Amino acid sequence: MRNSEIAAYFNELADLLEIQGANPFRIRAYRNGARTLESTKVELTRMVEEDFDLTELPGIGDDLAEKIVAIVQTGELKQLTELREKVPTGVVDMLRIPGIGPKKVHTFYYELKIDTLEHLKQAAEAGELAKIKGFGKKTEQAIIEGIDSLDLTNLRFYLAEAKTYADEICDDLRKLKSVKQAEVAGSCRRRKETVGDLDLLVTSSDSGEAMDALANHSLVTKVLARGDTKQRVRLTNGIELDLRVVPDESYGAALLYFTGSKEHNIVLRRRAQDRDLKLNEYGLFQGDKLVAGKTEEEVYKTLDLVWVPPELRENWLEFGFEEAGQMPELVELEDIKGDLHMHTTASDGTASIEEMAEAAKKQGLKYIAITDHSKRVTMANGLDGKRLLKHWEEIDRVNEATKGIDILKGIECDILEDGTLDLEDDVLKEGDWVIAVLHYGLKQPRKQIMKRLMTAIQNPYVHMIGHPTGRLILKRPGADIDMDEFLQAAADHGTLVEINAHFSRLDLNEVHAAAAKEKGIPIVINTDAHSPEGFNVRQYGIYQARRAGLTKDDIANTRTWAQMKKLMK
DNA sequence: GCCGTTTTCGGCCCGACTGTTTTCAGTCG
């Protein structure tokens, strides 16, 4: 069972208790506990197995610890089962309507006996709700529209998509006369894999101008709310964006506040309290006196901390780095010297070897490996041994004729469902760079998956395991891998591992990448480009590595090819 | 329900916006 699943039990429990009108602090305790579990990077199942004292986790006391053990061991939680019987699912669904929270749902269910979304909508349409004290026409309208658009909300978006929209709007707001500073904040600035909504921060002498410009922006379809300092809009792709306008002297504090994460900020706020200070989005205050706030650095410094790169602000690694006095210099896009995973027209790419090499050269790369698919991937016109050897001859010819970049003979070789490799060893050994990957049979049981990975890792000609879990973000989970065993084997046999930079893969993820670093495994960041434009996703791989706290040294392809070879078997 | 060398009881991060209000509750991030 995944940690997020266990957290979901507590969140559901909190929802149900909230509708019932239970003690709000008790509810918050469950939510805090759930948040802790979601951000706990070690598997709880394992912690329970190993009898780890769960109350050492923040926000987990005797009661929640006991409940976690029960969930792990029995797959259910008695209290939750009981509550579910008392509150129908239709009532819980009402919480998903924007602007509707537990108090209103409580009224709907306990006073009006409404227990499905459908009935709620009918009641709103019939004007039944406006008869209750505290409710009016607007609330009814919000409910009708909210229920209609329920399927559209709660969506998450790829970082790549969200960031493109946010950057364009941010750049346009920066051009306004009254705008001094503008920055994208929130999970987008932290470079999370997916983004739920966007946060944009602006300092301006005239908040009206910025808000008007946003309201009239070509990417905005609707203004959802507007006040003096805050405006919420919906963009053409459905994502919602919050604009906040703050005074210039509060810029740093506001950027910190709106970048989050919530967990990171809570630590900062507690730290402020310990020093008899108060931290909010307007600054760090001693009583009413502003003591810091213009820049993020200033706020951190006043709290006796060094500045934390946004990618690390998850209350996971960063405060450990602070304590050790070693905030790492995270890897940057410019550090990358080579790209070792890409396709050409020989399989399912859209460009020739020459075109890929030219595009790579323009990006400042010194070497690339052409790694087309092997024959198992028939859909992509994968190569058999014979075609591959000819393809490699062609690569050698192009390499001879091309100046300024080295083109290596590579292959993305499938690890077949039965655990063998898609190509023979005496073919693989002729190449410069062999990637082994899982594409098929991802749903096999852990034991079988591990057997396949072990074969590949132990093969003397396999240099790297590509996109190890095979997950596709927002689409499908990856294979069930014992990550610890996998990484240990990779370390033992000198097989490198990949962070695949495509925004729908980002595989390894930050937790696995940090674990790989722990074991001293060099990580390779590759684009898996299928066209020259495909190189543009490299930044997302870099972000993922940064979120894992990785430096230039941890990434193999920040080295020259000659240096990199020394890391390989 | 959690937490703590100020506390084992009495607190719990904090501010903005909306809608329904004549001073505030509910919701959200």
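Convention: sequence-line order gives letters A, B, ...; per-chain numbering from 1. The figures that follow rest on heavy atoms only: side chains count, while hydrogens, waters and symmetry mates do not. What you see is a predicted model, and the numbers here were worked out from it, not measured in a lab.
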Student: I'd like to know if A:R190 pairs up with A:E311 as an ion pair, taking the criterion as any Lys NZ or Arg NE/NH1/NH2 lying under 4.0 Å from an Asp or Glu carboxylate oxygen.
Tutor: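 Answer for the salt bridge query: no.
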Student: Taking atom P in both B:dC28 and B:dT20, compute the distance separating them and give it to the nearest angstrom.
Tutor: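 That atom pair is separated by 15 Å.
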Student: Expressed as a whole number of Å, how far does the C1' atom of B:dC14 sit from that of B:dT7?
Tutor: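 The same atom, C1', in both gives a distance of 23 Å.
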Student: Distance alone, cut at 3.5 Å: any donor-acceptor contact between the side chains of A:S4 and A:E38?
Tutor: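 A:E38 and A:S4 do not have a side-chain donor-acceptor pair below 3.5 Å.
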Student: To the nearest angstrom, how far is A:I27 atom CD1 from B:dG1 atom C1'?
Tutor: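 Between C1' of B:dG1 and CD1 of A:I27: 11 Å.
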Student: In terms of side-chain heavy atoms, does A:E193 have a donor or acceptor partner in A:N509 at a distance below 3.5 Å?
Tutor: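 Note: A:E193 and A:N509 side chains miss the donor-acceptor criterion.
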Student: To the nearest angstrom, how far is A:L201 atom CG from B:dG15 atom P?
Tutor: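 These atoms are roughly 17 Å apart.
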Student: Should A:N280 be listed as having a side-chain N or O under 4.0 Å from OP1 or OP2 of B:dC14?
Tutor: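 For B:dC14, OP1/OP2 do not have a side-chain N/O of A:N280 under 4.0 Å.
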Student: Examine the side chains of A:D248 and A:Q181 and answer whether a donor and an acceptor come within less than 3.5 Å of each other.
Tutor: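 Result is yes, a qualifying pair exists.
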Student: Check the pair A:D304 / A:R275 against salt bridge (Lys or Arg N to Asp or Glu O under 4.0 Å), numbers first and verdict last.
Tutor: CA-CA 10 Å; A:D304 304 311; A:R275 288 164 175 71; 3.0 Å; yes
Student: Please state how far atom CD in A:E263 lies from atom C1' in B:dC14, giving the value in whole angstrom units.
Tutor: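 It works out to 16 Å between those atoms.
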Student: Rounding to the closest angstrom, what is the interatomic distance between B:dA16 and B:dG11 at atom P?
Tutor: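 Those two atoms are separated by 25 Å.
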Student: In whole angstrom, give the distance that lies between atom NE2 of A:H264 and atom P of B:dC14.
Tutor: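 Atom NE2 in A:H264 sits about 17 Å away from atom P in B:dC14.
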Student: Consider only side-chain N and O atoms of A:Y543 and A:Q539, and report whether a donor and an acceptor are under 3.5 Å apart.
Tutor: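 Distance-only check passes for A:Y543 and A:Q539.
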Student: Expressed as a whole number of Å, how far does the C1' atom of B:dT18 sit from that of B:dT23?
Tutor: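 So the two C1' atoms sit 15 Å from each other.
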Student: Take the protein atom CD1 of A:I60 and the nucleotide atom P of B:dG1, then report the distance between them rounded to whole Å.
Tutor: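 A:I60 atom CD1 is separated from B:dG1 atom P by 13 Å.
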Student: Between B:dT8 and B:dG15, how far is it from one C1' atom to the other, in whole Å?
Tutor: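 Pairwise C1' distance, B:dT8 against B:dG15, rounds to 32 Å.
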Student: Could you check whether A:S204 and A:D206, counting side-chain N and O atoms only, form a donor-acceptor pair closer than 3.5 Å?
Tutor: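 There is no such pair between these side chains.
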Student: For DNA chain B, whose closest nucleotide is more 5', that of A:T55 or that of A:R244?
Tutor: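 Of the two residues, A:T55 wins.
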Student: Taking 4.0 Å as the cut-off, does a side-chain nitrogen or oxygen of A:Y30 come that near to OP1 or OP2 on B:dC12?
Tutor: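 Checking A:Y30 against B:dC12: no side-chain N or O falls below 4.0 Å of OP1 or OP2.
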Student: Distance only, no hydrogens: is a donor on one side chain within 3.5 Å (strictly under) of an acceptor on the other, for A:T40 and A:N3?
Tutor: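 There is no such pair between these side chains.
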Student: Would you mind pulling out the nucleotide paired to B:dT8, Watson-Crick or G-U wobble, both distances under 3.5 Å?
Tutor: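 Paired with no nucleotide.
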Student: Take A:F25 and A:G61, find for each the nucleotide of DNA chain B with the closest heavy atom, and name the residue whose nucleotide sits nearer the 5' end.
Tutor: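 It is A:G61 whose nearest nucleotide is closer to the 5' end.
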Student: Give a yes or no on whether the ring-centroid distance for A:H119 and A:F108 is below 6.0 angstrom.
Tutor: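 So the answer is no for these two rings.
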Student: So, OP1 or OP2 of B:dC17: does either fall under 4.0 Å of a side-chain N or O from A:T229?
Tutor: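 Checking A:T229 against B:dC17: at least one side-chain N or O falls below 4.0 Å of OP1 or OP2.
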Student: How far does the P atom of B:dG1 sit from the matching atom of B:dT6, given to the nearest Å?
Tutor: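 The answer is 28 Å between these two P atoms.
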Student: Identify each atom pair where a protein N or O and an N or O of nucleotides 26-29 of chain B are less than 3.5 Å apart, giving names and distance.
Tutor:
from, atom 1, to, atom 2, distance (Å)
B:dT27, OP1, A:G101, N, 2.7
B:dT27, OP1, A:G101, O, 2.9
B:dT27, OP1, A:K104, N, 3.0
B:dT27, OP2, A:K103, N, 3.1
B:dT27, O5', A:G101, N, 3.4
B:dC28, OP1, A:G99, N, 2.8
B:dG29, OP1, A:R232, NH2, 3.3
B:dG29, N2, A:Y257, OH, 3.1

Student: Mind calculating the distance between CZ (A:R35) and P (B:dG1) to the nearest angstrom?
Tutor: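 Distance check: A:R35 CZ to B:dG1 P gives 18 Å.
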Student: Between A:E318 and A:R547 (salt bridge meaning N to carboxylate O under 4.0 Å), is one present in this structure?
Tutor: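 No salt bridge links A:E318 with A:R547.
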Student: Taking CG from A:D276 and P from B:dT6, how many angstroms apart are they, rounded to a whole number?
Tutor: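 That distance rounds to 11 Å.
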Student: Over how many whole Å does the gap from A:K67 atom NZ to B:dG1 atom P extend?
Tutor: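 So the two atoms are 6 Å apart, to the nearest Å.
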Student: What contact category does A:N23 fall into here, base, sugar-phosphate, or nothing, at under 4.0 angstrom with non-hydrogen atoms?
Tutor: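 Base, at least one base heavy atom under 4.0 Å.
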Student: For nucleotides 19-21 of chain B, list the nitrogen or oxygen atoms of the protein found under 3.5 Å from its nitrogen or oxygen atoms, one pair per line.
Tutor:
from, atom 1, to, atom 2, distance (Å)
B:dG19, O3', A:T139, OG1, 3.4
B:dT20, OP1, A:G136, N, 2.6
B:dT20, OP1, A:G136, O, 3.1
B:dT20, OP1, A:T139, N, 3.3
B:dT20, OP1, A:T139, OG1, 2.9

Student: Between B:dT21 and B:dG26, how far is it from one C1' atom to the other, in whole Å?
Tutor: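 Going atom to atom, C1' in each nucleotide, I get 12 Å.
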Student: With distance as the sole criterion, is a donor-acceptor pair present between the side chains of A:Q79 and A:K67 under 3.5 Å?
Tutor: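 Note: A:Q79 and A:K67 side chains meet the donor-acceptor criterion.
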